[in-house]
Amino acid sequence: MPLPTLILNAQADRRLKLGHLWIYSNEVDVARSPLKQFELGQQALVTTHSGKPLGIALMNPTGLICGRIINRDENHPLNKSLLVHRFKQALALRELTFDEPFYRLVYGDSDLLPGLVVDRFGDYLVVQIASAGMELVKAEIVEALVQVIKPLGILLSNDHSARALENLPEYTEVAYGEVPDMVELVENGTRFLAPVQGGQKTGWFYDHRVNRAQLQQYVKGKRVLDVFSYIGGWGVQAAVAGASEVYCVDVSEAALDYVEKNAALNGVQDKVTCFEGKAIDVLKHLIAEDERFDVVVLDPPAFIKKRKDQKAGEAAYRHINELGMRLLGRDGLLVAGSCSMHLGKDTLVEIVRAAGRHLDRHVQIIGQGGQGPDHPVHPAIPETDYLKAVFARVYLA
């Protein structure tokens, strides 16, 4: 059956022709193609105002972003065949950049699969679906992943808030084979157990991999504080890289249990100590106790989830970085991280600068990092470039 047609307003095709994949509702000629005619998740043929085909989009007729281009070839809709092709393309990039099968295999729009994320843990895959269009083909997604990757198990971890934007229910289920509660991965030479069932997101955060590797050159013989540690991605790697002491801070008792497991897995359990509690409270307590560290890592959750959160979020980043600097010795290293897409890289640097001046400390930026190559940036979609890490030497001049 032919696909229904979504007709754009005159000149509204410019962004798509420049490479963008999103269609906003105010760009649609609703007189000729009313949005209410489309079903949630339905595929539609997108055309210019004059009728020239631009590709196929997955529809969310009630959303501000009402369509996302899935293929510019109007002859090939989203099905198992296209998914196999996309997965092979994504796999080729990851195999080019990583020696071991531990990475984000699919990163949404950047891999031309909007609304789909797949993390690989060796023989196990964890899939997150955020769009109704992808939900409608979840069986084909599983079949295509089995064909391309041949995993032992696939977990659909669809219990995240992003699904509410497309009126999708939250659930978690094993869609293929068997998936244990925790799986093993290796990152930068360090082994980890990740709770893929019951943990945060897919169970692990591959995005800071390159930045965690960069940290290793600065930690030998140092006392390290890892704040918002989750299951020890920064802290355990620092211990393996030669840190003398590592303190991991997280509000989750379950996460810190995994810190201890992962420290023991790498034989560094004697170096690693856990602090359970809210980050702000623990940092203030450590300051009151006159504790000092050579390296402080701050990798918080997104403080700016929406543009309306900008002012309060920037203030939160400023506050947490000031507290982190107060815990550094006379000459220390601060790693200031952010996963807020709405916080620009220059703004994070400015926050670090301002925090240093407020404390009468001199700040030198010795490195900046972003997401790893398994989180490729789509050059036409700045929202895909979200991760920041600033490495700053902070000292008394």
Arg191 versus Val186: any side-chain heavy-atom pair under 4.5 Å?
yes
Look at atom CD of Glu173 and say whether more than 12 heavy atoms of other residues, nucleotides or ligands are closer to it than 6.0 Å.
yes
Mind checking whether Lys80 and Gln147 have side chains closer than 4.5 Å, heavy atoms only?
yes
Check Asp374 with Arg209, please: is the shortest side-chain N to carboxylate O separation under 4.0 Å?
yes
A side-chain contact here means heavy atoms from C-beta on lying under 4.5 Å apart; do Arg68 and Ile23 qualify?
no
Just checking, any donor-acceptor pair under 3.5 angstrom between side chains of Thr97 and Tyr103?
no
Side chains of Asp257 and Glu253: closer than 4.5 Å at any heavy-atom pair?
yes
When you look at CD of Glu100, are more than 12 heavy atoms from neighbouring residues, nucleotides or ligands closer to it than 6.0 Å?
yes
Arg120 side chain near Leu91 side chain, heavy-atom distance below 4.5 Å
yes
Which distance, rounded to the nearest 0.5 Å, do you find between the CG of Asp181 and the CG of Leu193?
11.5 Å
What class does the angle between the rings of Tyr247 and Phe293 fall in, given that below 30° is parallel, 30 to 60° is tilted and above 60° is perpendicular?
perpendicular
Taking the side chain as C-beta and beyond, is there a heavy-atom pair between Val335 and Tyr218 under 4.5 Å?
no
Taking CG in Asn26 as the centre, count heavy atoms belonging to other residues, nucleotides or ligands within less than 6.0 Å. Is the count above 12?
yes
Does any part of the side chain of Ile129, heavy atoms only, come nearer than 4.5 Å to the side chain of Glu166, both counted from C-beta?
no
With no hydrogens and no angle check, is any side-chain donor or acceptor of Asp226 less than 3.5 Å from a backbone partner on Gly235?
yes
Option from Phe192, Tyr258, Tyr230 for which ring-ring contact (aromatic ring centres under 6.0 Å, His included) with Trp204 holds:
Phe192
Flag yes if more than 12 heavy atoms outside Asn75 fall under 6.0 Å of its CG atom; otherwise flag no.
yes
Minimum side-chain heavy-atom gap Val126-Ile154 below 4.5 Å
no
Do Leu334 and Phe228 belong to the same hydrophobic cluster, where Ile, Leu, Val, Met, Phe, Trp and Tyr are linked whenever their side-chain heavy atoms lie under 4.5 Å apart, directly or via other members?
yes
Are there more than 12 heavy atoms of other residues, nucleotides or ligands under 6.0 Å from atom NE2 of His76?
no
Can you spot which of Ser33, Pro4, Pro53 makes a side chain to side chain contact (heavy atoms under 4.5 Å, CB included) with Leu45?
Pro53
Is the NZ atom of Lys222 crowded by more than 12 outside heavy atoms at less than 6.0 Å?
no
Can you find a side-chain donor-acceptor pair between His358 and Glu322 that sits under 3.5 Å?
yes
Classify the angle between the aromatic ring planes of Tyr107 and His375 as parallel (below 30°), tilted (30 to 60°) or perpendicular (above 60°).
tilted
Report, as yes or no, whether the 6.0 Å neighbourhood of atom NZ on Lys201 holds more than 12 heavy atoms from other residues, nucleotides or ligands.
no
